[in-house]
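Below is one structure; the comments refer to it alone.
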Number of protein chains: 2
Amino acid sequence: MARAQTLSRNQQIVLDIIEKAKGPLKAYSILFNVQKKGINAPQQIYRALDKLIGMGKIHKIESKNAFVACRSSDCEISKATAFSICESCEMVDEISDTKLSKYLSGFNHKKGMKFKRFNLEFFGICKKCKKD
Amino acid sequence: MARAQTLSRNQQIVLDIIEKAKGPLKAYSILFNVQKKGINAPQQIYRALDKLIGMGKIHKIESKNAFVACRSSDCEISKATAFSICESCEMVDEISDTKLSKYLSGFNHKKGMKFKRFNLEFFGICKKCKKD
DNA sequence: TCAAATATGTTATATTATAACAAACGTTAT
DNA sequence: ATAACGTTTGTTATAATATAACATATTTGA
Ligand SMILES: [Zn+2]
Ligand SMILES: [Zn+2]
Ligand SMILES: [Zn+2]
Ligand SMILES: [Zn+2]
């Protein structure tokens with residue numbers, strides 16, 4: 001049974017770093033940031049990342065091979081994720097839109113496939129970057 | 001100006017392999033498949049892949065780091081992609097659903113971001129795998 | 001308390017992707 | 001034709017991302 005709340009030492013360290021970050025973090029950049037805390041090997045990072053993803057604490061931005069903290073509180077199991085990604089500054093924002101989520105969760109493929117999960121990534125230029 | 005139709009030698013070789021494949025192909029698997037045709041280096045594959053993606057001839061399945069041929073005919077510029085992915089057999093099917101595409105193309109973020117492009121990946125177990 | 005499950009540490013290696021540079025090729029304008 | 005330009009190719013090297021495998025330690029719960 002998956003422990004819903006308690007995080008192990010390494011999981012907590014990795015989560016802390018991701019939560020403090022302003023944008024998505026890459027695995028090796030996390031690694032470099034925690035070497036002072038005694039974590040030395042990629043495995044340790046990837047193991048923590050896997051568990052945190054499983055718990056819905058973080059999400060992987062597939063198009064960037066990077067990780068962000070979940071801000072949605074209601075996506076404990078991350079089976080319906082949507083992100084807004086700025087192609088200029090790399091900012092990532094988790095989209096929490098009930099209508100969108102319902103629409104996509106109810107979408108079923110003509111070919112008879114029933115979906116369990118989806119991930120949606122929107123790309124554009126964010127407000128901040130547009131001004132420059 | 002991007003040549004809309006003519007493919008270079010390597011681009012054609014890579015596209016042929018991807019189109020003949022039943023499922024998504026990985027870059028290095030493409031490479032191993034074309035070494036008999038005189039292509040020896042990853043760069044040659046990745047360059048062709050980049051161009052083919054730019055032309056909308058193929059798409060990258062971000063969650064798998066793999067490539068599929070476009071079957072939609074109408075996505076010359078691939079700015080609105082959606083896929084159905086079986087978590088058991090790895091089958092990938094491009095979803096071509098006008099309503100879905102319109103819904104998502106019209107979706108705009110509360111925070112004032114105007115989207116230029118999206119990629120949606122649905123996951124589940126396909127019909128064929130369910131029978132087993 | 002003791003077995004099972006989970007987490008850690010560590011070394012090595014696999015997989016995916018890009019950098020950098022030189023040479024060849026295809027177009028088009030003179 | 002030929003010079004100039006952009007695109008494609010070939011090639012070597014290396015960077016970045018991710019997993020395998022194995023030994024040990026810690027936590028959990030019957
Ligand atoms: Zn979330
Ligand atoms: Zn931006
Ligand atoms: Zn397509
Ligand atoms: Zn299947």
Side-chain angles (χ1 to χ4, degrees), chain A residues 1-18 21 23-68 87 90 92 119 121, chain B residues 1-18 21 23-55 57-68 85 87 90 92 119 121:
Chain A
M1 184 55 102
R3 293 178 312 167
Q5 12 265 10
T6 332
L7 298 182
S8 76
R9 196 187 94 97
N10 288 1
Q11 288 160 15
Q12 191 63 62
I13 290 171
V14 169
L15 179 58
D16 284 348
I17 299 246
I18 297 177
L25 289 184
K26 306 211 146 209
Y28 275 75
S29 127
I30 295 169
L31 176 57
F32 298 141
N33 272 282
V34 298
Q35 293 195 315
K36 50 201 164 203
K37 303 214 174 180
I39 296 181
N40 307 298
Q43 262 295 0
Q44 299 174 284
I45 303 300
Y46 281 105
R47 284 198 287 229
L49 290 172
D50 282 351
K51 296 291 179 178
L52 292 168
I53 289 171
M55 297 173 195
K57 299 279 186 196
I58 65 170
H59 302 297
K60 180 171 185 181
I61 307 301
E62 295 287 357
S63 61
K64 299 173 77 66
N65 298 319
F67 304 85
V68 294
E87 284 175 315
E90 315 256 283
V92 169
N119 179 56
E121 299 182 3
Chain B
M1 184 56 101
R3 290 179 311 166
Q5 15 263 10
T6 332
L7 297 183
S8 77
R9 196 186 95 97
N10 288 0
Q11 288 160 14
Q12 191 64 60
I13 290 171
V14 169
L15 180 58
D16 284 348
I17 299 246
I18 297 177
L25 288 184
K26 306 210 146 212
Y28 276 74
S29 127
I30 296 169
L31 176 56
F32 298 141
N33 271 283
V34 298
Q35 293 194 316
K36 52 201 164 204
K37 302 212 173 179
I39 297 181
N40 307 297
Q43 262 296 0
Q44 297 174 284
I45 303 299
Y46 281 104
R47 283 198 288 229
L49 290 172
D50 282 351
K51 296 290 179 178
L52 292 169
I53 288 170
M55 296 172 194
K57 299 279 187 196
I58 65 170
H59 303 298
K60 180 173 186 181
I61 307 301
E62 295 287 356
S63 61
K64 299 171 77 67
N65 298 318
F67 304 85
V68 294
I85 301 167
E87 285 174 315
E90 316 257 281
V92 169
N119 180 54
E121 298 181 3

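Order of the sequence lines sets the chain letters (A, B, ...), proteins ahead of strands, with each chain counted from 1.
Side chains of B/Asn33 and B/Leu25 form no contact here, defined as non-hydrogen atoms less than 4.5 Å apart. No side-chain heavy atom of A/Asn10 sits under 4.5 Å from any side-chain heavy atom of A/Val34. Looking at B/Asn119 and A/Ser63, their side chains never come closer than 4.5 Å, going by heavy atoms from C-beta outward. Counting heavy atoms from C-beta on, the side chains of A/Met55 and A/Gln11 come closer than 4.5 Å.
At least one side-chain nitrogen or oxygen of A/Lys60 sits closer than 4.0 Å to the OP1 or OP2 atom of D/dA18. Phosphate proximity of D/dT9 to B/Ser8: present, with a side-chain N or O under 4.0 Å from OP1 or OP2. Between C/dT15 and B/Lys26, no contact under 4.0 Å exists linking OP1 or OP2 to a side-chain N or O.
Rounded to whole angstrom, the span from the CG atom of A/Asn65 across to the P atom of C/dT18 amounts to 10 Å. In this structure, B/Leu49 places its CG atom 18 Å from P of C/dT15, rounding to the nearest Å. Here the C1' atom of nucleotide D/dT8 and the CD atom of B/Gln12 are 15 Å apart, to the nearest Å. Straight-line distance from the OH atom of A/Tyr46 to the C1' atom of D/dA21: 18 Å, rounded to whole Å. The interatomic distance linking B/Leu31 (CG) with C/dT18 (P) rounds to 15 Å, in whole Å. Separating the CZ atom of A/Phe67 from the C1' atom of D/dT17 is a distance of 9 Å, rounded to the nearest angstrom. Taking atom CD on A/Glu62 and atom P on C/dA17, their separation rounds to 12 Å, with Å as the unit. One can place NZ of B/Lys51 at 14 Å from C1' of C/dG26, the figure rounded to the nearest angstrom.
Although no hydrogens or angles enter the test, the distance criterion places no donor-acceptor pair under 3.5 Å between the side chain of B/Glu121 and the main chain of B/Ile61.
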Below 3.5 Å between N/O atoms, which protein atoms pair up with nucleotides 10-14 of chain C? Just atom names and distances, please.
{"from": "C/dT10", "atom 1": "OP2", "to": "A/Asn40", "atom 2": "ND2", "distance (Å)": "3.2"}

task = Take A/Lys60 and A/Asn65 through the test side-chain contact (heavy atoms from CB on, under 4.5 Å) and record every step on the way to the result.
result = CA-CA 7 Å; A/Lys60 180 171 185 181; A/Asn65 298 319; 3.9 Å; yes

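Every residue two or more places apart in sequence or in another chain that forms a salt bridge (Lys or Arg N to Asp or Glu O under 4.0 Å) with A/Glu90 is listed here: A/Lys64.
Note on the helix from C/dT1-D/dA30 to C/dT30-D/dA1: terminal axis deviation equals 40°, with five pairs used at each end and the result rounded to 10°.
The nearest heavy atom of DNA chain D to A/Asp50 and to B/Ala48 marks one nucleotide each, and the one closer to the 5' end goes with B/Ala48. Positionally, the nearest nucleotide of DNA chain C for A/Arg9 lies more toward the 5' end than for the other of B/Ala27 and A/Arg9.
In this structure, the separation between CD1 on A/Ile18 and CG on A/Asp16 is 9.5 Å, given to the nearest 0.5 Å.
Smallest separation of non-hydrogen atoms from B/Pro24 and B/Val92: CG-CG2, 3.8 Å.
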